[in-house]
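What follows is one structure encoded as structure tokens, with my remarks underneath.
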Amino acid sequence: MRKFTGDRLLFATHNKGKLEEMRALLAPFGITVLSNDDFGLPEPEETETTFVGNARIKAHAAAKATGLPALSDDSGIEVDALDGAPGVYTADWAETPTGRDFTLAMTRTWDACEKIAAPLPRRARFRSTLVLAWPDGHDEVFEGKAEGQLVWPMRGAHGHGYDPMFQPEGYDITFAEMDPAKKNQISHRADAFRKLVQCFEAKMARQNISGGSPYEPKLGYSRAVVQGGWCFVAGTTGADPVSKAFPDSVLDQARNTLATIKAVLEGAGFSMADVVRANYVITDAAYVEEIIPALSKTFGEIRPAAMMIVAGLVNPAMKIEIEVTAFKG
Ligand SMILES: O=c1nc[nH]c2c1ncn2[C@H]1C[C@H](O)[C@@H](COP(=O)(O)OP(=O)(O)OP(=O)(O)O)O1
Ligand SMILES: [Mg+2]
């Protein structure tokens, strides 16, 4: 999957409700979100018969016109009793000669169910297909959905589109009665967005990882810090993970240290193979020969850039401390 590495993204929509939701979803990633309004882009004709087809039209048209990576959303509501209608034509059901009227669209949808005396609950789902397109024509597709049922009469004043008649599964309020931040956690768009986030890994906000040591808040450090594609693991010593005692042998301490580092990296979504730098402190130069089996077993193939210092450590029982840095592109 191609990664998004820039800091400006165009969200190619003319729908203010979608734009607000997408800006909130993207806020933690430090990406400036531009909209069609910033460029005065025309609304392309959605001539395809699938969500992905129409989402591609919108994203590629915007990426081509602006030279920026562009994200689009094509979405709609599927009603089981109506064989999935209005589906891709959800926006069309709101069209009137003077613009879109969603009260009319929702009334049409409910009436269609009434006409065939569809049994209750009238199961439905929102679907969202997000397409991220680059000016060179490449794109990535992410799909999401939110299950629920239609309710009548319409309820609630938040949200947009068909929100007042959609009650998500597990709730007794509609999307339009829900706090917008809550809708943004459980919606079809949020579901698709969680998949899109893989594209933004390199933009992830800083994350401090605690190992639970009481010294962390006292001395002001973290077991590891993850930022962007990097994981910085703090200097780690070789106590036994269960007894917390330091074994006599420096080789055993080295093995414990490397096992702890491996667990920390894996907990942060990295692996030992991602280690690009390792710094070693040993308390006696003679220990170099002793720790070779642990080091060559762990790093013989990975070969991070390394440095080894002979120095004192804070507890006389400690014979080795290792810090590593990992990078995931
Ligand atoms: O969270 C939602 N809550 C309520 N209704 C929603 C939602 N998400 C999509 N919908 C409905 C209304 C929208 O008009 C249609 C999608 O049509 P769709 O063509 O994808 O969007 P659109 O024409 O409003 O904006 P644009 O194409 O510029 O992104 O489905
Ligand atoms: Mg549209």
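Ligands are counted one by one from 1 in listed order, and the atoms in each one are counted from 1 as well. Just so you know, these numbers use all the heavy atoms, side chains as well, and skip hydrogens, waters and symmetry mates.
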Side chains of [X] and [Y]: is there a donor and an acceptor less than 3.5 Å apart?
X      : Y      : value
His160 : Glu21  : yes
Glu216 : Ser210 : yes
His158 : Asp163 : no
Arg56  : Asn54  : no
Thr260 : Arg223 : no
Ser75  : Asp73  : yes

For [atom], which protein heavy atom lies nearest, and how many Å away is it?
atom                    : result
atom 22 (P) of ligand 1 : Arg100 NH1, 3.5 Å
atom 19 (O) of ligand 1 : Glu46 OE1, 2.9 Å
atom 16 (C) of ligand 1 : Ser75 O, 3.0 Å
atom 26 (P) of ligand 1 : Thr13 OG1, 3.4 Å
atom 24 (O) of ligand 1 : Asn15 ND2, 2.9 Å
atom 18 (P) of ligand 1 : Lys18 NZ, 3.4 Å
atom 28 (O) of ligand 1 : His14 N, 2.8 Å
atom 10 (N) of ligand 1 : Phe126 CE2, 3.9 Å

If we only consider heavy atoms of Gly159, is any one of them less than 4.0 Å away from an atom in ligand 1?
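Gly159 does not count as a contact of ligand 1 under the 4.0 Å cut-off.
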Ligand 1-proximal atoms of Phe102, by part, heavy-atom distance under 4.0 Å
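Side chain only.
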Under a 4.0 Å heavy-atom limit, does Lys183 contact ligand 1 with its side chain, its backbone, both, or neither?
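The side chain, only.
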Flag yes if Phe327 and Phe232 sit in one hydrophobic cluster, no otherwise; membership is Ile, Leu, Val, Met, Phe, Trp, Tyr, and two members link when side-chain heavy atoms are under 4.5 Å apart.
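Yes; Phe232 is reachable from Phe327 via cluster members.
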Salt bridge check, Arg8 against Asp38: does any charged N sit closer than 4.0 Å to a carboxylate O?
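Salt bridge between Asp38 and Arg8, a charged N being under 4.0 Å from a carboxylate O: no.
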Which ligand 1 atoms, with their elements, are less than 4.0 angstrom from a heavy-atom of [X]?
X      : result
Gly161 : 4 (C), 5 (N)
Lys58  : 18 (P), 19 (O), 20 (O), 26 (P), 27 (O), 29 (O)
Asp74  : 18 (P), 19 (O), 20 (O)
Asp73  : 20 (O), 29 (O)
His188 : 1 (O), 2 (C), 7 (C), 8 (N)

Would you name the N/O/S atom of Glu46 that lies closest to the Mg ion (ligand 2)?
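It is OE2 of Glu46.
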Given 3.5 Å as the limit, does a donor-acceptor pair link the side chain of Arg127 with the main chain of Gly87, or not?
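No; judged by distance alone, with no hydrogens or angles, the pair does not exist.
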Mark yes or no for whether Ser222, through its side chain, and Val225, through its backbone, hold a donor-acceptor pair below 3.5 Å.
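The answer is no, because no donor-acceptor pair under 3.5 Å joins these two groups.
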Between Phe246 and Asp252, does a side chain to side chain contact (heavy atoms under 4.5 Å, CB included) hold up when you go through it step by step?
CA-CA 9 Å; Phe246 288 92; Asp252 287 342; over 6 Å; no
Heavy-atom proximity to atom 11 (C) of ligand 1, best of Ile57, Asn36, Thr90
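Among Ile57, Asn36, Thr90, the closest heavy atom to atom 11 (C) of ligand 1 comes from Thr90.
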